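Note sheet for the following structure.
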Number of protein chains: 2
Amino acid sequence: MEKKLRTKDKILQASVELFNQVGERQVTTNHIAAHLGISPGNLYYHFRNKEDIVRQIFKEYAKLLETRIKPPTDKAEALDALASYLDAVFELMWRFHFFYANLPDILSRDPALQQDYQHVQQGVLARVTAVLKALKQSEIIQIEDEDITDLAHSIKLLVTFWISYLKTQAPDKDIDQASVYQGVLKVLLLFKPYATAQAQPRISRLQQHYAALAGDATLV
Amino acid sequence: MEKKLRTKDKILQASVELFNQVGERQVTTNHIAAHLGISPGNLYYHFRNKEDIVRQIFKEYAKLLETRIKPPTDKAEALDALASYLDAVFELMWRFHFFYANLPDILSRDPALQQDYQHVQQGVLARVTAVLKALKQSEIIQIEDEDITDLAHSIKLLVTFWISYLKTQAPDKDIDQASVYQGVLKVLLLFKPYATAQAQPRISRLQQHYAALAGDATLV
DNA sequence: GTCTATACCGTGATAGAC
DNA sequence: GTCTATCACGGTATAGAC
């Protein structure tokens with residue numbers, strides 16, 4: 001199956017790889033072509049320019065986001081919805097972490113991508129809000145309605161810039177799965193002060209689950 | 001007084017101006033020189049390269065940070081210490097917002113700056129932690145000791161990337177003072193769930209204070 | 001200290017042969 | 001579809017005159 005990738009797909013796949021490894025900004029179309037052993041001209045046959053490549057990668061990302069993060073269906077288990085949400089966040093953050101490492105820069109160079117991004121983000125905000133409301137309804141957290149949107153934004157900001165934060169704190173250390181899980185853990189900690197007494201143990205268990213995956217790495 | 005600026009200082013001052021206006025990445029040494037009506041060669045007489053300029057600007061920033069954010073002296077008024085801290089954060093965020101708009105990118109291009117930054121950040125973390133402990137001691141917030149460091153990191157992350165977050169949400173809107181104050185307000189909201197019942201009204205007042213400064217702008 | 005002129009290089013992108 | 005040229009451009013940086 002892998003052998004049957006068309007050049008176009010190989011370019012996309014190699015791009016994600018290189019972007020994640022050394023950062024989107026540092027990777028040029030020449031690098032991508034060289035990495036694949038094809039000519040720059042060939043790359044330009046398949047894509048108009050580098051932005052075009054990034055945009056298509058984002059499309060793939062957005063598609064995954066949509067399929068993986070479903071709105072909570074039944075009110076039965078809000079905490080399960082949260083967990084599945086966190087898993088999805090982790091997966092996407094890891095798979096496309098180059099994107100998270102320099103988001104403002106990437107967006108500022110491509111108005112079209114900006115549009116797409118903002119559209120996706122509106123959906124994300126709605127879903128986060130929905131999860132929060134479900135958690136409140138299930139009496140897992142106790143929060144005033146007017147604070148929900150703010151908390152949702154805080155969560156979104158934390159998720160969006162967790163990788164960037166890591167890079168500012170320890171630029172030499174490569175991003176690995178454990179460090180991404182640390183971000184998931186931090187999100188959980190934003191909830192903690194809102195947790196009801198009865199939900200405390202369940203949240204603690206979730207916390208331990210992700211703590212195990214995050215390893216014992218400590219921030220500098 | 002202004003007229004007596006030496007060329008070197010004029011370059012620094014113009015650089016900050018341009019960086020804030022259009023972003024550090026887009027501004028070249030040529031732009032800076034042209035903006036001042038001097039030759040590129042002249043600029044290179046005063047600075048080795050652009051990184052050198054950015055580094056010196058950071059030094060100025062770090063100096064201000066140190067003089068403006070003093071560790072809380074007496075335990076008498078922890079909440080005052082917090083307020084003065086928030087004011088200082090605002091001032092620096094506003095004055096050097098180009099720096100906050102693309103931190104990972106700027107740092108990744110200059111290992112020397114990275115070093116300086118990390119050193120400064122260690123001090124910041126210590127001070128935030130000290131303020132949090134003082135707030136706990138004054139019974140303004142209620143928090144477990146083991147959570148303090150995590151909260152400090154969350155606050156630091158929020159402050160560091162607030163401008164970046166704004167830019168991802170609404171890239172076309174220019175950063176103004178009100179939008180920076182919205183970030184200050186968000187920091188305050190991170191505290192809210194930890195506030196003791198007795199401190200609630202005082203925190204609310206602080207909140208209103210910054211809300212007024214932040215205007216009624218709403219996030220997209 | 002300041003200028004002009006210039007060399008150098010990487011990047012993005014295209015034309016035209018195969 | 002793919003390759004081999006090849007270019008224009010902009011940014012960095014330096015040399016040498018004033």
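First the proteins, then the strands, lettered A, B, ... as listed; each starts at 1. A quick note: this is a predicted structure, and the numbers were derived from the prediction, not measured.
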Separation of atom CG in A/Leu43 from atom P in D/dT4, rounded to whole Å: 14 Å

If I take atom CZ in residue A/Arg109 and atom P in nucleotide C/dG12, what distance separates them, rounded to the nearest angstrom? 9 Å

Heavy-atom contacts under 4.0 Å between residues 22-30 of chain B and DNA chain D, which residues? B/Thr28, B/Thr29, B/Asn30

Side-chain ion pair, A/Lys59 and A/Asp116, N-O less than 4.0 Å: yes

Using the ring of each side chain (for Trp, its six-membered ring), is B/Phe96 parallel, tilted or perpendicular to B/Tyr61, with breaks at 30° and 60°? perpendicular

Run the side-chain donor-acceptor check on residues 87-95 of chain A: report pairs under 3.5 Å with partners two or more places apart or on a different chain.
unit_1	atom_1	unit_2	atom_2	d
A/Asp87	OD1	A/Tyr210	OH	2.9
A/Glu91	OE1	A/Arg68	NE	2.8
A/Glu91	OE1	A/Arg68	NH2	2.7

Residues A/Lys10 and A/Glu17 bridged, charged N to O under 4.0 Å: no

For A/Arg6 and D/dT2, give me the distance from atom CZ to atom P, rounded to whole Å. 10 Å

Might you work through the side chain to side chain donor-acceptor pair (under 3.5 Å) test for A/Ser179 and A/Asp176, ending with a clear yes or no? CA-CA 5 Å; A/Ser179 43; A/Asp176 58 12; 2.7 Å; yes

Determine, for B/Arg25 against A/Asp105, whether the closest basic-nitrogen to carboxylate-oxygen distance falls under 4.0 angstrom. no

From NZ of A/Lys10 over to P of D/dG1, roughly how many Å is that when rounded to an integer? 12 Å

Among residues 44-54 of chain B, which residues get a heavy atom nearer than 4.0 Å to DNA chain C? B/Tyr45, B/His46

With under 30° as parallel and over 60° as perpendicular, where do the rings of A/Phe161 and B/Tyr165 fit, or are they tilted in between? perpendicular

Keeping B/Thr67 on the side-chain end and B/Lys63 on the backbone end, is there a donor-acceptor pair under 3.5 Å? yes

Given D/dG11, C/dC3, C/dT2, which nucleotide is nearest the side-chain atoms of B/His31? D/dG11

Expressed as a whole number of angstroms, how long is the span from A/Asn42:CG to C/dG12:C1'? 16 Å

